[in-house]
Undergrad: 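Got a structure for you, written out below as structure tokens; questions coming shortly.
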Amino acid sequence: MTVRTRFAPSPTGYLHIGGVRTALFNWLYARRHGGTFILRIDDTDAERNVEEALEPILSGLKWLGIDWDEGPGVGGPHAPYFQSQRSAGHKAAVGKLLASGHAYRDFAKPEELDEERKAAQAAGKPYLYSRRFAAFTSDEAARFAAEGRQGVVRLKMPREGSLVIDDAVRGRVEFAWEREQDHVIQRADGSCLYHLASVVDDHDFEITHVIRAEEHLSNTPRQAYIALSLGYPLPAYAHLPLVAEPGSRTKLSKRKLAAYLKNPDFRQMQDHGTRIAERIGVAAAADTFNPVIVDFYREVGYLPWAIDNAMALLGWAYDDKTEFFSRDELIAAFSLERINASPASFDPKKLWSVQDHYMHALSADEKLALMLPYLVKAGLVSSPPTADQTATVRRVIEASGDRLKVSGDILGYADFFLLEEPVLDPQAVAQKLAKPGVADLLARYAGSIAAVTPFEPGPLEEATKAFVAEAGLKLGDVIHPVRVAITGKTVGPGLYDCLAILGASKSIARIDRARGLAG
RNA sequence: GGCCCCAUCGUCUAGAGGCCUAGGACACGGGCCUUUCAAGCCUGCAACCGGGGUUCGAAUCCCCGUGGGGUCACCA
């Protein structure tokens, strides 16, 4: 049997990080078993701008390297892959269910249903529809319709016995049929609902493994009932643990963003990303740009595989020590058996550290290719960058080392080299420059390095140490004010690197100018 | 509330009856290195929800509590 899995997002306008985990696991399982990974768009709820709402999802998956074998853009033998375009099949299935007595037309009004529900509640009994307005024959249906009632189609759920599924993550799970409601599968307007459509499409697509989040576990009985009634074989089920909020076990939801922002780690990640976004002209409104949404990571310059690797670790582990996997290694290592059953909370710090690890592993040239576009977008280099600019940025990247955690971080490390004048951080100026004697110190230091040749880190270090020794100072006494003088900041690459990258004339000019601000 | 799921350091997890004095990673604390900030190295702190069984032996199996979560739409 060829493994066939699917990810079936609704066009909501953004790709949620929890959805990424579900997509990733489906993809990994298919790849692991030489199977097929299918992308289906569950758009039965007829939204207005499906295309617009779908784009971020498709581009997000592509960016993450989660490629699909069948679906939008690539087609496939079971096209179309949009649920809204498969309604004929859904309606035919409803017809079959009706004909076989597994479903019925129902003419109850919402308020009548409410009444029953309330009565059951008052009696302290579990609610079960009386089927009072069920029409099992066309005569009955005609009579109800004559009363001006509207008909929907409901599942005629069994009222005894139970369903047992063998979930790949949870093991044996049993549901009593009598606890299941007669769910609506077709609306009065003839359109079909998700559960029906999903089961029919899964069967049409020959899906062998339904791998989805745990929130769907309690939907399984009605779906299994539909499948069984239609004579479909049941797929294997694997219900993944929920991706929970940072520091909690509650399902991660985009709607609760305000609460997440109270989490210091989440907040820090958000603020860091927002700072970068603002500099490159990306709209960074918190509700559309935050660490729950994949676009956030792409815009800010995280590495896609870092996100994948980090998400794979949410609810799954290979062993007691391996955490980093290449794409091929992850595929080879992945199995449903090793999925954990308990909810896993999303930890921004952990994601950050995985990102750090992968950024760390990149060569200067690889970083250059990723980071240069950020400088272009921020207007710090021309488009395309000149050879000089590129060379400077490359040196900055080398000098910055592991300080650059995401591609967008280059903005804060390269700007003072690329700008004619550094932007001075007032606090840095107050702390390091505005001290008595600093102006004089800077003048003497500028003089002492003016003649250094070549103007490179090694000789500069020697000259600086000699200067310090002669003046009877500590190294820090010189380095801190000089750093602020030439970069405007207190943090950055090593000072000798900064001087060398900037060059003798610019360095000395900046030191001279900073004397005006010094004490 | 009914049904279902879950329960090991703050977080992600390893652990399928003895390898457990419970391992790893992130975070956190201390130290080294050091011109800032990172990185790196050393080191420390920190968990089996509770109670009953079963067993020579339980984090692991069973039961009962407790706690947390999901779900109960003419949403997906």
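The model shown is predicted, which means the values in this text are computed figures rather than measured ones.
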Undergrad: Return no unless some side-chain N or O of S345(A) is found under 4.0 Å from OP1 or OP2 of rC12(B).
TA: yes
Undergrad: Which nucleotide, in any strand shown, forms a Watson-Crick or G-U wobble pair with rU34(B), with both distances under 3.5 Å?
TA: none
Undergrad: Where do N or O atoms of nucleotides 73-76 of chain B meet protein N or O atoms at under 3.5 Å, pair by pair?
TA:
| from | atom 1 | to | atom 2 | distance (Å) |
| --- | --- | --- | --- | --- |
| rC75(B) | OP2 | R187(A) | NE | 2.6 |
| rC75(B) | OP2 | R187(A) | NH2 | 2.5 |
| rC75(B) | O2' | D45(A) | OD2 | 3.0 |
| rA76(B) | OP1 | T44(A) | OG1 | 2.8 |
| rA76(B) | OP1 | R187(A) | NH2 | 3.1 |
| rA76(B) | OP2 | Y194(A) | N | 3.1 |
| rA76(B) | O3' | S10(A) | OG | 3.2 |
| rA76(B) | O3' | D42(A) | O | 2.9 |
| rA76(B) | O2' | S10(A) | OG | 2.2 |
| rA76(B) | N6 | H195(A) | NE2 | 3.1 |
| rA76(B) | N6 | N219(A) | OD1 | 3.4 |

Undergrad: Distance check needed: rG24(B) P versus R338(A) CZ, whole Å only.
TA: 17 Å
Undergrad: What is the ring orientation for H195(A) with H183(A), classed by angle as parallel under 30°, tilted 30 to 60°, or perpendicular over 60°?
TA: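 Aromatic pair H195(A)/H183(A) classed tilted.
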Undergrad: Distances under 3.5 Å only, N/O to N/O: pair up the protein atoms with those of nucleotides 16-22 of chain B.
TA:
none

Undergrad: Ring centroids only, cut at 6.0 angstrom: are Y81(A) and F205(A) within range, meaning strictly under it?
TA: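 Close enough - the centres of the two rings lie under 6.0 Å apart.
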Undergrad: If you count every heavy atom of other residues, nucleotides or ligands that lies below 6.0 Å from R105(A) atom CZ, does the total exceed 12?
TA: no
Undergrad: Rounded to the nearest 0.5 Å, how far apart are CD1 of I508(A) and CG of L442(A)?
TA: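 That separation rounds to 12.0 Å.
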Undergrad: Any idea which heavy atoms bring V200(A) and G89(A) closest together, and the distance?
TA: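 Distance-wise, the nearest heavy atoms are CG1-O, 4.1 Å.
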Undergrad: Give the rounded distance in Å between these two atoms: CG of L351(A) and C1' of rA25(B).
TA: 14 Å
Undergrad: Using a cut-off of strictly less than 4.0 Å, decide whether K251(A) has a side-chain nitrogen or oxygen near OP1 or OP2 of rU71(B).
TA: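 Answer yes for this pair, as a side-chain N or O of K251(A) is under 4.0 Å from OP1 or OP2.
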Undergrad: Between Y194(A) and N219(A), do the side chains contain a donor N or O and an acceptor N or O under 3.5 Å apart?
TA: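 No pair is found: no donor N or O on one side chain lies under 3.5 Å from an acceptor on the other.
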Undergrad: Would you kindly say whether T464(A) and Y445(A) are connected by a side-chain donor-acceptor distance under 3.5 Å?
TA: yes
Undergrad: Within 45 degrees of the axis of the six-membered ring of F25(A) and under 6.0 Å from its centre: does R21(A) put its NZ or CZ there?
TA: yes
Undergrad: Which pair of heavy atoms, one from N340(A) and one from S342(A), lies closest together, and at what distance?
TA: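 N340(A) and S342(A) have their closest heavy atoms at ND2-OG, 2.8 Å.
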Undergrad: For the pair made of NZ in K474(A) and C1' in rU34(B), what is the distance, rounded to whole Å?
TA: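 Going from NZ in K474(A) over to C1' in rU34(B) covers 14 Å.
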Undergrad: Roughly how many Å is it from CD in E323(A) to P in rA27(B), rounded to a whole number?
TA: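 In whole Å, rA27(B) P lies 11 Å from E323(A) CD.
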Undergrad: Sequence neighbours left out, what passes salt bridge (Lys or Arg N to Asp or Glu O under 4.0 Å) with E180(A)? Give chain and number order.
TA: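 For E180(A), no residue satisfies salt bridge (Lys or Arg N to Asp or Glu O under 4.0 Å) once neighbours in sequence are set aside.
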Undergrad: Does NZ or CZ of K489(A) come closer than 6.0 Å to the centre of the six-membered ring of F416(A), within 45° of the ring's axis?
TA: no
Undergrad: Restricting to nitrogen or oxygen on both sides, can you table the protein-nucleotides 3-10 of chain B pairs closer than 3.5 Å?
TA:
| from | atom 1 | to | atom 2 | distance (Å) |
| --- | --- | --- | --- | --- |
| rC5(B) | O2' | R170(A) | NH1 | 2.5 |

Undergrad: Taking atom P of rG2(B) as reference, at what distance in whole Å does atom CG of L128(A) sit?
TA: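 Distance check: L128(A) CG to rG2(B) P gives 16 Å.
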Undergrad: Any side-chain donor-acceptor pair under 3.5 Å between D42(A) and S10(A)?
TA: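 The criterion, which ignores hydrogens and geometry beyond distance, is not satisfied for S10(A) and D42(A).
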Undergrad: Strictly below 4.0 Å, heavy-atom distances to any atom of RNA chain B: list the hits from residues 309-317 of chain A, or just say none.
TA: L313(A), L314(A), G315(A), A317(A)
Undergrad: What integer number of Å spans the P atoms of rC49(B) and rC12(B)?
TA: 14 Å
Undergrad: Flag the pair R149(A) and E112(A) as a salt bridge only when some basic side-chain nitrogen lies within less than 4.0 angstrom of an acidic carboxylate oxygen.
TA: yes
Undergrad: Under a 3.5 Å cut-off for both distances, is rG2(B) Watson-Crick or wobble paired, and to whom?
TA: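 Looking at the geometry, rG2(B) pairs with rU71(B).
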Undergrad: Provide, to the nearest angstrom, the distance between the CE atom belonging to M157(A) and the P atom belonging to rC72(B).
TA: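 Going from M157(A) (CE) to rC72(B) (P), I get 14 Å.
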Undergrad: Go ahead and name the base partner of rU66(B); Watson-Crick or wobble counts if both distances stay under 3.5 Å, otherwise write none.
TA: rA7(B)
Undergrad: Under a 4.0 Å N-O cut-off, is there an ion pair linking R394(A) with E366(A)?
TA: no
Undergrad: Grab the two heavy atoms, one from R40(A) and one from S198(A), that are nearest each other, plus how far apart they are.
TA: NH2-OG, 3.3 Å
Undergrad: Using whole Å, what does the distance between atom P of nucleotide rU11(B) and atom CZ of F266(A) come to?
TA: 18 Å
Undergrad: Does the T220(A) side chain pair with the main chain of H216(A), one donor and one acceptor, at a distance under 3.5 Å?
TA: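 Confirmed, T220(A) side chain pairs with H216(A) backbone.
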Undergrad: Touch check for L242(A), heavy atoms < 4.0 angstrom, all strands: base, sugar-phosphate only, or nothing?
TA: sugar-phosphate
Undergrad: Categorize K349(A) for me: base, sugar-phosphate, or nothing, with a 4.0 angstrom heavy-atom threshold over every strand shown.
TA: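 Touches sugar-phosphate only.
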Undergrad: Could you tell me the separation between the CZ atom of R212(A) and the C1' atom of rU71(B), rounded to a whole number of Å?
TA: 13 Å
Undergrad: For Y318(A), I'd like to know if atom OH has over 12 heavy atoms of other residues, nucleotides or ligands within 6.0 Å.
TA: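 Count not over threshold, so no.
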Undergrad: Contact class for Y496(A) vs. all strands (heavy atom < 4.0 Å): base, sugar-phosphate, or nothing?
TA: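 Base, at least one base atom sits under 4.0 Å.
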Undergrad: Assign a letter to each nucleotide of nucleotides 36-51 of chain B from its 5' end: B, base within under 4.0 Å of a protein heavy atom; S, sugar-phosphate only; -, no contact.
TA: BBSS------------
